[in-house]
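Following: one structure in structure tokens, then a few remarks.
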Protein chains: 2
Amino acid sequence: MQFYQQQLKEKGLKTTYQRLKILDYLDTHRTHPSVEIIYEDIKSENPSFSKTTIYNTIETLKAHGLISTLTITGSEVRCDYKTDMHHHFYCRSCNRIFDVDLEQPLQPGSGLQGYAIDEMHSYFIGTCPACLKKK
Amino acid sequence: MQFYQQQLKEKGLKTTYQRLKILDYLDTHRTHPSVEIIYEDIKSENPSFSKTTIYNTIETLKAHGLISTLTITGSEVRCDYKTDMHHHFYCRSCNRIFDVDLEQPLQPGSGLQGYAIDEMHSYFIGTCPACLKKK
DNA sequence: TATAAATTTGTATTTATTACAATCTAATCC
DNA sequence: GGATTAGATTGTAATAAATACAAATTTATA
Ligand SMILES: [Mn+2]
Ligand SMILES: [Mn+2]
Ligand SMILES: [Zn+2]
Ligand SMILES: [Zn+2]
């Protein structure tokens with residue numbers, strides 16, 4: 001928790017219980033949870049937590065580079081404690097998102113001369129091993 | 001138009017004015033338009049066209065591999081006539097999506113052993129050259 | 001401890017998408 | 001060609017994620 005507090009201070013953000021809680025949640029739940037999931041989980045032990053706060057906090061933390069978000073499911077934002085570039089696999093069957101390692105990480109390349117790049121993503125969509133077994 | 005009709009037949013889909021129109025629209029508007037944009041444009045010359053039909057048709061055409069869709073903006077589905085794997089750049093400033101060529105096309109790699117892959121995407125987010133100039 | 005700025009909260013609103021039932025149409029068969 | 005029917009389109013209602021906003025609360029600073 002001390003570390004999160006320091007991160008917030010470095011970014012000029014006030015330390016609040018909510019921000020610490022969300023950072024901790026994402027750090028310990030590397031499952032790319034949706035806002036809804038985060039909300040349900042946190043709310044269960046902290047009923048006064050507001051969903052709007054989660055939206056606000058996710059936006060703030062992301063804007064300051066402390067977390068990242070994914071839009072690969074098409075229906076909701078998914079959150080990620082990791083901010084370094086890495087790749088994902090989205091299983092349509094169980095709705096889970098997995099981190100994947102690729103031999104060839106994504107590189108800008110000459111086709112992007114003149115573009116200012118903020119984010120790089122690559123991902124796969126399909127069915128994960130566990131779901132394949134069930135069928 | 002003859003070609004679209006043949007494509008539909010090959011997939012066992014009925015030929016309808018709406019499907020031909022949407023295929024033609026996407027073929028001639030390689031701008032990754034949203035459903036809303038497609039709707040506005042088509043409706044202007046064909047007021048009876050329904051937005052639901054566009055949603056339905058996009059889904060059907062995609063399911064049969066005749067078009068593809070992107071979810072990279074986070075707020076709406078964007079449509080693409082191209083179905084072969086290629087990469088994208090999303091400009092947050094003008095909301096446009098550009099096709100980009102990369103030296104290294106995305107490859108599954110050993111990190112995805114056991115996964116069944118339906119789609120592969122990679123994309124960049126940032127500011128396009130035109131928007132950079134304006135600032 | 002008092003203060004100001006920032007944050008949280010609850011509610012209302014917006015927007016994209018889906019559900020659904022009635023109507024219509026394309027393909028098939030006579 | 002005309003009747004049949006499965007499939008497609010349409011309009012409306014419903015859902016769900018995300019945003020807007022203002023009041024209440026809290027943090028950091030003095
Ligand atoms: Mn991740
Ligand atoms: Mn494209
Ligand atoms: Zn799965
Ligand atoms: Zn731009």
Side-chain angles (χ1 to χ4, degrees), chain A residues 1-2 4-23 25 32-40 42-43 46-64 66-67 69-79 90 92 95 97, chain B residues 1-2 4-23 25 32-40 42-43 46-64 66-67 69-79 90 92 95 97:
Chain A
M1 280 293 186
Q2 211 63 13
Y4 307 137
Q5 192 153 5
Q6 186 190 338
Q7 279 191 307
L8 292 172
K9 182 164 276 179
E10 279 172 8
K11 298 297 181 180
L13 298 170
K14 284 187 176 171
T15 301
T16 67
Y17 171 79
Q18 290 83 350
R19 284 171 178 169
L20 294 174
K21 188 73 193 175
I22 289 172
L23 276 171
Y25 183 90
H32 310 92
S34 63
V35 167
E36 183 63 29
I37 295 290
I38 298 170
Y39 177 65
E40 299 293 341
I42 291 181
K43 196 184 178 70
N46 201 313
S48 72
F49 226 98
S50 163
K51 194 186 280 188
T52 300
T53 296
I54 297 179
Y55 278 108
N56 292 340
T57 303
I58 292 300
E59 186 192 6
T60 301
L61 295 179
K62 178 181 175 168
H64 289 81
L66 300 184
I67 64 167
T69 60
L70 307 172
T71 59
I72 69 186
T73 76
S75 62
E76 84 249 297
V77 165
R78 302 283 284 260
C79 305
Y90 170 53
R92 276 214 186 85
N95 202 37
I97 294 175
Chain B
M1 282 290 185
Q2 211 61 15
Y4 307 136
Q5 191 153 7
Q6 185 189 338
Q7 279 191 307
L8 292 172
K9 183 164 276 180
E10 280 172 6
K11 298 296 181 181
L13 297 171
K14 284 188 178 174
T15 302
T16 68
Y17 172 79
Q18 290 83 349
R19 284 171 178 170
L20 294 174
K21 187 76 194 174
I22 290 172
L23 276 171
Y25 182 91
H32 311 92
S34 63
V35 166
E36 184 63 29
I37 295 290
I38 299 170
Y39 177 65
E40 299 293 341
I42 291 181
K43 196 184 177 69
N46 201 314
S48 72
F49 225 99
S50 163
K51 194 186 281 187
T52 301
T53 296
I54 297 180
Y55 277 106
N56 291 339
T57 303
I58 293 299
E59 186 192 5
T60 302
L61 295 178
K62 179 181 175 170
H64 289 83
L66 300 183
I67 65 167
T69 60
L70 306 172
T71 60
I72 69 185
T73 76
S75 62
E76 83 249 298
V77 165
R78 303 283 285 258
C79 304
Y90 169 54
R92 275 213 187 87
N95 202 34
I97 294 175

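Chain A is the first sequence line, chain B the second, and so forth, proteins listed ahead of strands; every chain is numbered from 1.
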Between B/Glu36 and A/Pro47, which residue's closest nucleotide on DNA chain C lies nearer the 5′ terminus?
A/Pro47
Figure out the OH/P separation between B/Tyr55 and D/dG11, and round it to whole Å.
15 Å
For the residue pair B/Ile37 and B/Tyr25, establish whether any side-chain heavy-atom pair is separated by less than 4.5 Å.
yes
Whole-Å distance separating the NZ atom of B/Lys51 from the P atom of C/dA19
17 Å
Counting the atoms with a prime plus P, OP1 and OP2 as sugar-phosphate, which does B/Ser75 contact under 4.0 Å by heavy atoms, base, sugar-phosphate, or nothing?
sugar-phosphate
Round to a whole Å and report the spacing from NZ of B/Lys43 to P of D/dT9.
15 Å
Does A/Gln18 put a side-chain nitrogen or oxygen below 4.0 Å from OP1 or OP2 of D/dT26?
no
Does atom NZ of A/Lys9 have more than 12 heavy-atom neighbours from other groups under 6.0 Å away?
no
State, with a plain yes or no, whether a side-chain heavy atom of B/Gln18 is found less than 4.5 Å away from one of B/Asn56.
no
Whole-Å distance between D/dA28 P and A/Glu10 CD?
15 Å
Would you give a per-nucleotide map of nucleotides 23-30 of chain C, 5' to 3', where B means the base has a protein non-hydrogen atom under 4.0 Å away, S means only the sugar-phosphate does, and - means neither?
---BS---
Ignoring the backbone of A/Val77, work out which of D/dT9, C/dT7, D/dA18 is nearest its side chain.
D/dA18
Between B/Thr16 and B/Leu8, is the side chain to side chain contact (heavy atoms under 4.5 Å, CB included) condition met? List the steps.
CA-CA 9 Å; B/Thr16 68; B/Leu8 292 172; 5.9 Å; no
Which residue, B/Val77, B/Ile67, B/Thr57, forms the side-chain contact (heavy atoms from CB on, under 4.5 Å) with B/Lys62?
B/Ile67
Atom-to-atom span, OH of B/Tyr39 to C1' of C/dT18 - whole angstrom
16 Å
B/Glu10/B/Gln6 under side-chain hydrogen bond (donor to acceptor under 3.5 Å, both in side chains): CA gap, chis, key distance, verdict:
CA-CA 6 Å; B/Glu10 280 172 6; B/Gln6 185 189 338; 3.1 Å; yes
Evaluate side chain to side chain contact (heavy atoms under 4.5 Å, CB included) for A/Asn95 paired with A/Arg78, printing each intermediate quantity in order.
CA-CA 11 Å; A/Asn95 202 37; A/Arg78 302 283 284 260; 3.6 Å; yes
Side-chain heavy-atom pair B/Arg19, B/Lys14 within 4.5 angstrom cut-off:
yes
Stepwise side chain to side chain contact (heavy atoms under 4.5 Å, CB included) test for B/Ile54 and B/Phe49
CA-CA 8 Å; B/Ile54 297 180; B/Phe49 225 99; 3.9 Å; yes
Write down the distance between CG (B/Leu20) and P (D/dA8), rounded to a whole number of angstrom.
13 Å
Angle by which the axis turns from one end of the helix from C/dT1-D/dA30 to C/dC30-D/dG1 to the other, five pairs per end, to 10 degrees:
40°
Which is it for A/Asn46 and A/Tyr17 under the side chain to side chain contact (heavy atoms under 4.5 Å, CB included) test, yes or no, and what are the steps along the way?
CA-CA 11 Å; A/Asn46 201 313; A/Tyr17 171 79; 2.8 Å; yes
Protein-nucleotide distance (B/Glu76, atom CD; C/dT18, atom C1'), rounded to Å:
17 Å
Would you kindly check whether a donor in the side chain of A/Thr52 faces an acceptor in the base of C/dT11, or vice versa, at under 3.5 angstrom?
yes
Give one of base, sugar-phosphate or nothing for B/Ser48, where a contact means two heavy atoms less than 4.0 Å apart.
sugar-phosphate
Along DNA chain D (nearest heavy atom to each residue), the more 5'-positioned of A/Asn56 and B/Gly12
B/Gly12
How many Å lie between CZ on A/Phe49 and C1' on D/dT25, as a whole number?
14 Å
